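Each remark here refers to the structure printed beneath this line.
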Amino acid sequence: MSRHFLRAINKLKKMILDLSVVVEKDVHRAVKSLISRDGTLAQRVIQSDEKIDEMEVDIEEECLKILALHQPLASDLRFVVSVLKINNDLERVGDLAVNIAETTQFLLTQKKAEPPFDLEGMAEQVKDMLRKGLDALVKQNVLRAKNVIKADETIDEMHRGTYRITKDHICSDPENADSYIYFMSASRHLERIADLTTNIAEDVIYMVDGEIVRHSHDEFGNNG
Amino acid sequence: MERMFDEELKNLREKLMQMAILAEESIALAIKSLKERNEDFAQQVFKGEETLNLLDVEIDKLGMQLFALRQPMAGDLRMIIVTMRISIELERIGDLAVNIAQRSLELLKQPPLKPLIDIPRMAELAQKMVKDSIDAFVNNDDKLAKSVCERDDEVDDLNDQIFRELLTYMMQDPTTIEKAVELILVGRHLERIADLATNIGEEVIYLVKGKTIKHHCE
């Protein structure tokens, strides 16, 4: 491996880790804005998205440059291609953080209603999953990545549960129907973040082992 | 060597076209199942989704092989990456069609709430966006891609309108809540499909015009 190539790879690693830090922070802030009804914080998440988009474009350019200049092979190639994918997934997680922040803003225009299910608990689990997924990426750890993929099922189940609960709450308290539907949307955004985190974990496994695990463990989509 | 590369590139694009056709069909079938209250169409959507998953993995593998064996130049590289990305979007569209078909099966268990007009219209818009985004990709047509992105607002507005209307139903008559929530979800799934078509449009603009355009539709 040439010194130039090594330097390019290290730069790329740093870039993707920087992006993951920003994305993780935004998810944290978006969730906090939702739970504590904090419009200012929600606004900050929405503003931050532009930076994430820029970082994503820069990383993609860097990947293309490496592929074109160094034409890496085998595991090096897998690394660069995986970064391309993870980059894309992280940007989408950023978009979902924006969606959650927008949900916060909508809820602030409504009479205050309590989430009819354990939104905070679900959010904590999703954040935990994201943290572990990114940790698996940093440490290139297949075992951790596999644990992240397993955790996705729990989140899916939680999300499926919100559906019935939401319906029941709209029935007993139709005045807050708007808010309940938006809480369910927030749950869906969280579930999507968990899905994307699963993708990232799959890419980590591919990066390290060269094994494609996509679709091999997933079932049909979920409600909402 | 050169000719083989072209052949493989063509193969990659053909697989993507297969996915695009299947994804469009899935949306149409899911809505047809909903509108005509027919379970068979929903089952077809479930089958289509399995094929979409397989094709997505094949495209992924093929793309990787092209990187590894052919060491493509910058322009081709970007093309392959965009193809792989669009494949992911189409696969997601298949998932959402499955979600709609699942809603349809739920709704079949009860008498209809009302004749569906706005939802099929929204579905047509979304389906056309998917079709045009793929046409834009095939023909390197950034103008068409841009028009796809612009239509996203229209779908969003229609979804809001459907949402409001169904909320009114629920407020007036709580016995409609079950059905109304199902339909609200269908609206959201369609809105997501339009978002994914917009992503494809953005990818095409990016492919044609370069990096600064990404994430912006102007």
Side-chain angles (χ1 to χ4, degrees), chain A residues 49-50 52-54 56-58 60-61 63-65 67-74 76-78 80-82 84-85 88-89 91-92 95 99 163-164 166-172 174-175 177-178 180-181 184-185 188 192 195 199 206 210 212-216 218-224, chain B residues 46 49-50 52-54 56-57 60-61 63-64 67-69 71-78 80-81 84-85 88 91-92 94-103 106 163-164 166-167 170-175 177-178 180-182 184-185 188-189 192 195 199 206 211-216:
Chain A
D49 194 47
E50 209 170 306
I52 291 180
D53 287 352
E54 273 171 29
E56 189 226 359
V57 170
D58 287 346
E60 185 163 315
E61 289 298 315
C63 288
L64 287 178
K65 220 161 71 188
L67 287 174
L69 277 179
H70 300 282
Q71 310 198 319
L73 290 170
D76 292 331
L77 175 66
R78 283 210 307 271
V80 179
V81 174
S82 303
L84 264 172
K85 290 182 179 172
N88 200 230
D89 287 334
E91 189 263 326
R92 276 155 187 247
D95 283 347
N99 291 343
Y163 183 61
R164 168 70 31 207
T166 301
K167 270 198 210 169
D168 291 347
H169 269 73
I170 295 174
C171 283
S172 57
E175 209 192 315
D178 277 39
Y180 293 142
I181 296 260
M184 189 168 65
S185 292
R188 193 186 46 170
R192 282 289 299 145
D195 277 352
N199 289 355
Y206 175 71
I212 296 182
V213 281
R214 190 145 44 119
H215 298 308
S216 57
D218 78 12
E219 294 184 7
F220 283 166
N222 312 290
N223 293 333
Chain B
F46 299 148
E49 198 250 0
E50 285 171 33
L52 279 169
N53 282 352
L54 290 177
D56 179 35
V57 172
D60 210 56
K61 278 189 187 157
M64 286 298 298
F67 285 144
L69 300 174
Q71 308 193 328
M73 305 300 286
D76 287 333
L77 259 178
R78 205 187 283 275
I80 297 166
I81 287 163
M84 288 162 80
R85 287 224 174 128
I88 295 172
E91 189 268 324
R92 273 293 294 158
D95 283 347
L96 287 159
V98 165
N99 290 147
I100 295 172
Q102 286 168 335
R103 309 279 52 86
E106 280 300 313
F163 178 57
R164 295 283 136 214
L166 289 166
L167 268 184
M170 291 196 281
M171 305 281 202
Q172 280 166 357
D173 175 8
T175 62
I177 286 176
E178 291 257 335
V181 170
E182 301 287 354
I184 286 173
L185 288 176
R188 303 230 151 160
H189 296 325
R192 276 297 294 155
D195 282 349
N199 286 351
Y206 178 47
K211 79 167 196 175
T212 50
I213 306 295
K214 196 164 186 198
H215 303 300
H216 303 276

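None of these values were measured; they are calculated from a predicted model. Sequence lines set the chain letters: A, B, ... in the order given, protein chains first and strands last, and positions in each chain run from 1. All values below come from the heavy atoms of this structure, side chains included, with hydrogens, waters and symmetry mates left out.
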Worksheet item: Quick one: do R92(B) and E49(B) make a salt bridge, cutoff under 4.0 Å?
Response: no
Worksheet item: To the nearest 0.5 Å, how far apart are CG in D95(B) and CZ in R192(B)?
Response: 11.0 Å
Worksheet item: In terms of heavy-atom pairs under 4.5 Å with chain B, which of L69(A), D178(A), L73(A) leads?
Response: D178(A)
Item to complete: Before accepting this row, confirm whether a basic side-chain N of the pair E178(B)/R164(A) lies closer than 4.0 Å to the acidic partner's carboxylate O.
Response: yes
Fill in: Portion of Y180(A) that has a non-hydrogen atom of chain B nearer than 4.5 angstrom
neither
Discussion item. Does this structure show an ion pair linking K167(A) with E182(B), if we count only N-O contacts that are shorter than 4.0 Å?
Written reply: yes
Fill in: Interchain contact, I181(A) with chain B, by part (heavy-atom threshold 4.5 Å)
both
Worksheet entry | chain B contact via D168(A) - which portion, at a heavy-atom distance below 4.5 Å | neither
Discussion item. Under the criterion salt bridge (charged side-chain N to carboxylate O under 4.0 Å, His left out), I'd like the reasoning laid out for E56(A) against R92(A): C-alpha separation, chi angles, the key distance, then a yes or no.
Written reply: CA-CA 10 Å; E56(A) 189 226 359; R92(A) 276 155 187 247; over 6 Å; no
Worksheet entry | Region of K65(A) that comes under 4.5 Å of a non-hydrogen atom in chain B | neither
